[in-house]
Amino acid sequence: MITSGEIHYARVPRALWEDRLLKLKRAGFNSVTSYFFWNYHEPQPGVFDFSGEKDVDAFMGLAAQLGLNVIARVGPYDCAEWDNGGHPDWLISDGFIGRSLDDSYFRYAERWLRVILGKLGKYDKSRGGNMIALQLENEYFWGDVPYHEALAKVAREAGITVDFYTNANRFARNTNFIDTLDLYPDPWM
């Protein structure tokens, strides 16, 4: 059984990663779920930063060292109450059609996925790593299964073998994605 809590490395100073992950483990969890925010790592077009506080390998390695599996949430859109849902500022323009197969968006989203999944691929469970699932997109309530299938295709081409899921897209049922629900307790309804 997977028991997971959320720790977003981008929201926690690196000096505290071990402390937070240990607390998660000591609370009885066997996995950690984390967003990998696009705009955190690509502040300018084609300029990627995975150094210092943004060191994905250090976070993934530390989780593995502590015996925690990782569920990676790579977007390209994350929401998570993070600026632009993780979309870089430079991407958004008048002609931008976000979260779609439109060339104004998808070619950049695909580039992001290829870069981040190139980093995460070595942690794929099939390679003996600790990444056990991958979330593509988040809170996409409107369907667009071809867009989701294109994201899945990019991930498979990048060598990712773990199961995919997406949050709150009932239209993606019976596709390459595990079916999920996004439920909140009352009074949020």
**Asked** Any Lys/Arg nitrogen of Asp78 or Arg73 sitting under 4.0 Å from an Asp/Glu carboxylate oxygen of the other?
**Response** no
**Request:** Step through it carefully: locate the ring centre of Trp112, locate the ring centre of Tyr77, and say whether they are under 6.0 Å apart.
**Result:** no
**Single-linkage hydrophobic cluster, 4.5 Å side-chain cutoff, Val162 and Tyr165 together** = no
**Request:** Name all residues meeting the salt bridge (charged side-chain N to carboxylate O under 4.0 Å, His left out) criterion together with Arg20; count only those two or more places apart in sequence or in a different chain, and write none if there are none.
**Result:** none
**Asked** Got a second to check how far Ser31's OG is from Glu6's CD, nearest 0.5 Å?
**Response** 11.5 Å
**Message:** For a 4.5 angstrom cut-off between non-hydrogen side-chain atoms, does Ile160 reach Ser126?
**Reply:** no
**Tyr147 to Glu137 - nearest heavy-atom pair and separation** = OH-OE2, 2.6 Å
**salt_bridge(Asp144, Arg99) N-O dist < 4.0 Å** = no
**Request:** Indicate yes or no: does Glu149 engage Lys153 in a salt bridge with an N to O separation below 4.0 Å.
**Result:** no
**Prompt:** Is the Phe171 to Phe141 ring centre distance short of 6.0 Å?
**Reply:** no
**Prompt:** To the nearest 0.5 Å, how far apart are CZ in Arg156 and CG in Leu134?
**Reply:** 8.5 Å
**Check: Phe96 and Tyr108 side chains under 4.5 Å, non-hydrogen atoms** = no
**Message:** Using 0.5 Å steps for rounding, measure from the NZ atom of Lys23 to the CG atom of Leu16.
**Reply:** 8.0 Å
**Fill in**
Heavy atoms of Asp124 and Gly159 approach each other most closely as OD2-O, 4.0 Å
**Request:** Verify the cluster assignment for Phe50 and Met60: are they in a single hydrophobic cluster under the rule of side-chain heavy atoms below 4.5 Å apart?
**Result:** yes
**Prompt:** Are Phe59 and Trp17 close enough that their ring centres sit under 6.0 Å apart?
**Reply:** yes
**Fill in**
Excluding Met1, membership of its hydrophobic cluster (Ile, Leu, Val, Met, Phe, Trp, Tyr; side-chain heavy atoms within less than 4.5 Å) reads none
**Asked** Which value, rounded to the nearest 0.5 Å, describes the distance between Leu91 atom CG and Ser104 atom OG?
**Response** 7.5 Å
**Item:** Residues Phe164, Ile178; criterion side chain to side chain contact (heavy atoms under 4.5 Å, CB included); working and verdict
**Value:** CA-CA 6 Å; Phe164 301 145; Ile178 294 173; over 6 Å; no
**Residue pair Arg127 / Gly121: nearest heavy atoms and the distance that separates them** = NH1-O, 3.0 Å
**Prompt:** Considering the options Val70, Thr161, Asn69, Asn130, which one meets the side-chain contact (heavy atoms from CB on, under 4.5 Å) requirement together with Lys125?
**Reply:** Asn69
**Prompt:** With no hydrogens and no angle check, is any side-chain donor or acceptor of Asp102 less than 3.5 Å from a backbone partner on Ile97?
**Reply:** no
**Request:** Given ring pair (Phe, Tyr, Trp, His ring centres under 6.0 Å), test Phe36 with His41 step by step and report yes or no.
**Result:** CA-CA 8 Å; Phe36 294 75; His41 292 289; 7.4 Å; no
**Distance-minimising heavy-atom pair for Tyr40 and Ala10** = CE2-CB, 3.6 Å
**Message:** I'd like to check Asn84 versus Ile92 (side-chain heavy atoms, cut-off strictly below 4.5 Å). Are they in contact?
**Reply:** yes
**Request:** Over all heavy atoms of both residues, which pair between Asn138 and Cys79 is shortest? Give the atoms and the distance, please.
**Result:** ND2-CB, 3.8 Å
**Message:** With a 4.5 Å cut-off on side-chain heavy-atom distances among I, L, V, M, F, W and Y, is there a chain of contacts connecting Val74 to Val12?
**Reply:** yes
**Message:** Under a 3.5 Å threshold, yes or no: a donor from one side chain and an acceptor from the other, between Trp82 and Asn39?
**Reply:** yes
**Asked** Among the clusters formed by ILVMFWY side chains lying less than 4.5 Å apart, do Val145 and Leu136 turn up in the same one?
**Response** no
**Fill in**
Correct closest heavy-atom pair for Thr180 and Asn167 would be OG1-CA, 3.6 Å
**Prompt:** Does the ring centre of Tyr105 sit less than 6.0 Å away from the ring centre of His87?
**Reply:** yes
**Message:** Are Tyr35 and His8 an aromatic pair, judged by ring center distance below 6.0 Å?
**Reply:** yes
**Asked** Using a distance-only test with no angle check, is there a side-chain donor-acceptor pair under 3.5 angstrom linking Tyr123 and Asp57?
**Response** yes
**Message:** Quick check: do Ile71 and Gln135 have side-chain heavy atoms less than 4.5 Å from each other?
**Reply:** no
**Request:** Answer yes or no: is there a donor N or O on one side and an acceptor on the other, between the side chain of Lys25 and the main chain of Leu66, under 3.5 Å?
**Result:** yes
**Prompt:** Are Phe106 and Trp142 connected in a single hydrophobic cluster, I mean Ile/Leu/Val/Met/Phe/Trp/Tyr linked by side-chain heavy atoms less than 4.5 Å apart?
**Reply:** yes
**Message:** With salt bridge (Lys or Arg N to Asp or Glu O under 4.0 Å) as the test, pick out the partner of Glu42 among Arg114, Arg111, Lys54.
**Reply:** Arg111
**Prompt:** When rounded to the nearest 0.5 angstrom, what is the spacing between NZ in Lys122 and CG in Leu120?
**Reply:** 9.0 Å
**Message:** Just verifying a value: how many Å separate Ser34 OG and Ile7 CD1, rounded to the nearest 0.5 Å?
**Reply:** 8.0 Å
